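This report refers to the structure that appears directly beneath it.
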Amino acid sequence: MSAAAALETRRLSKSFGALTVANGIDFRLERGARQALIGPNGAGKTSFVNLVTGALAPDAGHIHLDGAEITALAQAARVKRGLVRTFQVTQLFRGLSVLENVTLAVCERRGIGGDMWRPVGRHREAVEEAYALLEPLGLAADAARPVATLAYGHQRLVEIAIALGLAPKVLLLDEPAAGVPSGETGRIIAAVESLPADIAALIIEHDIDLVFRLAQRITVLVQGRVLAEGAPEQIAADQAVRRVYLGERDRR
Amino acid sequence: MPAVPTDASAAITAHVWRHRYRAHEALPWAVALAAYFAFPNYLPLAAQTLATILFALSADLVLGYAGIVTLGQAAFFGTGAYTAGILAAHGWGEPLSGLLAAAVVAAAVGLLSGLIILRSSGLTLLMQTLVVAALLHEAANKASAITGGDDGLQGMQVWPIFGRFEFGLFGRTSFFYCLIVLFLCWLGVRRLVHSPFGRSLTGIRENVVRMHAIGAPVFVRRLVVYTISAGLAGISGALIAQTTGFVGLDSLSLERSGTVLIMLIIGGVGRLYGAFVGVPLYMVAQDRFSSIEPVYWYFWIGLLMVLLVSFARGGVLGLCDRLWRRARGRR
């Protein structure tokens with residue numbers, strides 16, 4: 001634990017008036033980790049993601065990426081350093097083809113997104129890199145189709161493909177299987193399981209079965225605070241967690 | 001290119017070659033040249049149409065590609081027109097440098113106003129574009145010593161192009177001047193929209209949240225395209241000022257900002273060619289309707305608009321697209 005974590009927050013806090021969404025969150029994500037962030041509705045999971053990615057500015061606390069402080073960096077600068085997220089509700093370029101969705105991301109990462117002269121097609125390496133990302137996700141056959149015409153499960157995979165196009169060091173997967181029919185979650189799980197080993201992945205998830213299947217460590221967030229953190233079996237045995245979170249599931 | 005008949009290469013190839021020139025892209029230019037020979041008495045009108053196409057093209061860049069809804073495009077058109085006009089009225093009638101000056105000044109106005117207003121979006125932004133144009137309109141009205149105010153700018157002396165081609169009564173020089181400038185600008189815009197920068201504009205229009213999340217400098221991209229578009233609108237205004245020898249306050253008016261949007265919507269937004277279809281259609285319709293119904297011609301334009309947005313979303317080109325697809329599907 002001596003080396004710098006891939007992602008670390010210290011006493012990260014944020015309030016909207018009387019509502020505290022982050023209450024001094026201390027969090028560590030090791031390099032190459034497969035960790036999950038769980039918590040009941042309104043626990044502050046999505047706010048945490050927004051704070052870490054820079055969509056929200058914290059009231060107090062620090063965020064470190066690979067040992068370097070990024071608390072004051074703009075969202076785009078964090079992405080350039082390898083901090084990448086996916087969205088709970090797909091955020092895609094719906095009118096564009098699958099290949100183009102990913103190509104846009106690859107172009108930004110390669111720093112050619114501002115090129116105003118050479119056509120995209122002349123940046124063939126970027127297009128081919130984007131295509132290469134589609135194949136392992138089983139999206140290659142749909143490469144030329146507009147994203148809006150894909151089944152939702154496939155759109156979730158495009159969401160992951162775009163993130164991978166940004167060559168992330170830390171990948172925040174915000175409910176990767178949200179809204180996907182249970183029969184199709186297998187492909188999402190496979191996609192997450194086959195992420196390159198050097199990517200540290202934090203999976204923000206509601207579905208406990210999915211969490212126990214994918215994560216080596218679990219962080220439980222309740223009312224903007226870390227309630228517990230540990231290996232899945234520790235979390236499953238934790239009385240406080242069972243009360244606020246797992247108990248809720250039993251009642252459902 | 002080597003044709004490898006696999007799915008992979010098909011998808012990549014389609015993507016990689018999209019910027020290639022296609023035969024039908026020569027059509028507008030062929031029509032323009034045909035019009036030159038077919039209607040020699042209408043060359044001044046044709047020249048105005050060409051310059052207005054450039055204006056609509058500038059609007060397409062911000063509205064159709066970057067998704068910036070603007071009702072203030074006339075601000076840049078008028079700025080360009082007044083720049084070229086004032087230069088020509090004060091002893092510098094060289095047209096090409098006047099055109100360049102108009103582009104630079106209009107782009108500067110675009111850059112400065114964009115720095116302020118592009119921080120907002122949606123309806124707020126729309127109102128702010130309107131305000132910028134209204135402010136300039138009022139400023140031009142007040143500064144009548146320079147602009148001629150309500151009476152318009154008088155006494156422009158535009159020199160011959162390259163010292164050889166005079167702007168005559170028949171409008172031949174005007175026609176080719178506008179045609180060539182439009183062609184060069186179109187080449188540039190076409191290049192731009194197929195570049196990664198241009199595609200990222202489409203990305204911003206489609207989903208700005210995602211563009212932020214892939215690390216794109218959204219504000220800068222929007223500012224740059226707004227500035228370029230302002231420069232093009234300025235060139236368009238200068239073309240009309242130089243070829244008609246007059247600049248009026250209406251060049252900065254809300255009506256002009258609105259009309260160019262209508263023209264663009266008739267043709268089809270975000271297609272690069274909507275301007276080439278919509279502007280001539282509008283101008284011909286205006287000419288026809290106003291000769292039949294001198295007072296109420298705007299009613300027919302309005303009716304045409306209502307029909308278009310109800311039954312032909314995507315404008316005339318959108319309609320052609322659908323018919324073409326249907327015809328192909330049947331085969």
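If you're wondering where the values come from, they're calculated on a predicted model, not measured in any experiment. Scope of the values below: all heavy atoms of this structure, side chains included, with no hydrogens, waters or symmetry mates. Labels below follow one simple rule: chain letters A, B, ... track the order of the sequence lines, proteins then strands, and each chain is numbered from 1.
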Side-chain heavy atoms of [X] within contact of [Y], under 4.5 Å:
X: Val316(B); Y: Ile266(B); value: yes
X: Val98(A); Y: Leu134(A); value: yes
X: Ser236(B); Y: Phe77(B); value: yes
X: Leu261(B); Y: Leu71(B); value: yes
X: Asp198(A); Y: Arg31(A); value: no

Test side-chain contact (heavy atoms from CB on, under 4.5 Å) applied to Leu272(B) and Leu57(B), Leu61(B), Leu317(B), the passing residue: Leu57(B)

For the pair [X] (side chain) and [Y] (backbone), establish whether a donor and an acceptor sit closer than 3.5 Å, ignoring hydrogens and angles.
X: Thr9(A); Y: Ile25(A); result: yes
X: Ser97(A); Y: Pro146(A); result: no
X: Ser200(B); Y: Phe197(B); result: yes
X: Thr124(B); Y: Ser120(B); result: no
X: Ser229(B); Y: Val225(B); result: no
X: Arg205(B); Y: Leu201(B); result: no

Contact leader toward chain B among Cys107(A), Gly54(A), Ala130(A), Gly114(A), where contacts are heavy-atom pairs under 4.5 Å: Gly114(A)

Per-residue tally against chain B (heavy atom, under 4.5 Å) across Ala144(A), Gly95(A), Ala55(A) peaks at Gly95(A)

Under 4.5 Å from any heavy atom of chain A, what part of [X] do you find: side chain, backbone, both or neither?
X: Arg199(B); result: both
X: Arg18(B); result: side chain
X: His212(B); result: both

Determine the option with the most heavy-atom pairs under 4.5 angstrom with chain A, choosing from [options].
options: Pro196(B), Gly188(B), Gly215(B); value: Pro196(B)
options: Val193(B), Ile214(B), Val224(B); value: Ile214(B)
options: Pro217(B), Ala216(B), Gly198(B); value: Ala216(B)

Hey, is [X] close enough to [Y] for a salt bridge, meaning N to O under 4.0 Å?
X: Arg271(B); Y: Asp60(B); value: no
X: Glu108(A); Y: Arg221(B); value: yes
X: Arg190(B); Y: Glu25(B); value: yes

Whether the Glu100(A) and Thr202(B) side chains hold a donor-acceptor pair (N or O, under 3.5 Å, no angle test) is what I'd like checked. no

Give the interface residues of [range] toward chain B, defined by a heavy-atom separation under 4.5 Å.
range: residues 120-128 of chain A; answer: Val120(A), Gly121(A), Arg122(A), His123(A), Arg124(A), Val127(A), Glu128(A)
range: residues 152-179 of chain A; answer: Glu159(A), Ile162(A), Leu166(A)
range: residues 85-92 of chain A; answer: Arg85(A), Phe87(A), Gln91(A), Leu92(A)
range: residues 71-82 of chain A; answer: Gln75(A), Ala76(A), Val79(A), Lys80(A)

Could you label the plane-to-plane angle of the Phe276(B) and Trp186(B) rings as parallel, tilted or perpendicular, counting under 30° as parallel and over 60° as perpendicular? perpendicular

Please report the closest heavy-atom contact between Gln128(B) and Ile117(B), naming both atoms and the distance. OE1-O, 3.4 Å

Centroid separation Tyr226(B) to Phe219(B) less than 6.0 Å: no

Enclosure of Phe311(B) CZ (heavy-atom neighbours >12, cutoff 6.0 Å): no

